[in-house]
Amino acid sequence: MYNEKVMEAFKNPKNVGEIENYDGLGKVGNASCGDIMQITLKIENDVIVDAKFKTFGCAAAIATSSTATQMVIGMTIDEALKLTNKKVVEELEGLPPQKIHCSVLAEEAIKAAIEDYQNRKAGKVTPDKIDMV
Ligand code: FES
């Protein structure tokens, strides 16, 4: 069902874990299946210097989160905000149509982590994030 590139990213995912002193944390859930993804980012001068993920989800969710973290490292936050699930799927040379929704988690988690970073920079920490700090 999955191509070789997806299987490789699933079997040997990169950037698994959580950055200890992260600058932004994004946690999102997939309403259709209940799977959860968390992405932490280390950001210096608005450039993403590190990204790690934890995903409780299917092979497509793990492969796309691994690939998405690899893609955003080195990007400015503006560039990372433009990263769509479509671009991540292209990087993986495709996903089965019924698995495209799984790739949306990585895009949303990165956007949520950048939003969290911007909120922290502005001195705003949203209440649901306080217990995660
Ligand atoms: Fe839930 Fe893939 S089935 S993210």
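The 12-atom threshold is exceeded at CD of Q98, counting heavy atoms of other residues, nucleotides or ligands nearer than 6.0 Å. Heavy-atom neighbours of Q70 CD from other residues, nucleotides or ligands within 6.0 Å: above the threshold of 12.
Residues meeting the salt bridge (charged side-chain N to carboxylate O under 4.0 Å, His left out) test with K99, sequence neighbours left out: none. Contacts of E93 classified as salt bridge (charged side-chain N to carboxylate O under 4.0 Å, His left out), with partners at least two apart in sequence or in another chain: K5. Not counting sequence neighbours, the partners of E44 by the side chain to side chain contact (heavy atoms under 4.5 Å, CB included) test are V49. Remark: K52 engages I19, T40, D50 in a side chain to side chain contact (heavy atoms under 4.5 Å, CB included) (not counting sequence neighbours). Contacts of N21 classified as side chain to side chain contact (heavy atoms under 4.5 Å, CB included), with partners at least two apart in sequence or in another chain: K42. Every residue was checked against the salt bridge (charged side-chain N to carboxylate O under 4.0 Å, His left out) condition with E91, not counting sequence neighbours, and none meets it.
Residues N15 and I73 are in side-chain contact: their nearest non-hydrogen atoms beyond the backbone lie under 4.5 Å apart.
Of the charged side-chain nitrogens involved, at least one lies within less than 4.0 Å of a carboxylate oxygen, so that E107 and K111 count as a salt-bridged pair. One finds a salt bridge joining D116 and R120 here, because a Lys/Arg side-chain nitrogen approaches an Asp/Glu carboxylate oxygen to under 4.0 Å. Salt bridge D46/K121: present, at least one basic N to carboxylate O contact under 4.0 Å.
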Kindly determine whether L83 and V88 satisfy side chain to side chain contact (heavy atoms under 4.5 Å, CB included), including the steps that lead there.
CA-CA 8 Å; L83 183 72; V88 178; 4.0 Å; yes
Is there a salt bridge (Lys or Arg N to Asp or Glu O under 4.0 Å) between E90 and K86? Walk through the geometry before answering.
CA-CA 6 Å; E90 277 168 14; K86 197 168 169 263; 3.6 Å; yes
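The main-chain N or O of I62 is never found under 3.5 Å from a side-chain atom of S66 such that the two would form a donor-acceptor pair. Using a distance-only test at 3.5 Å, with no hydrogens or angles considered, no donor-acceptor pair links the side chain of N30 to the main chain of L105.
The CD1 atom of I39 sits 13.5 Å away from the OH atom of Y22 when rounded to the nearest 0.5 Å. A distance of 8.5 Å separates CG of N85 from OG1 of T64, quoted to the nearest 0.5 Å.
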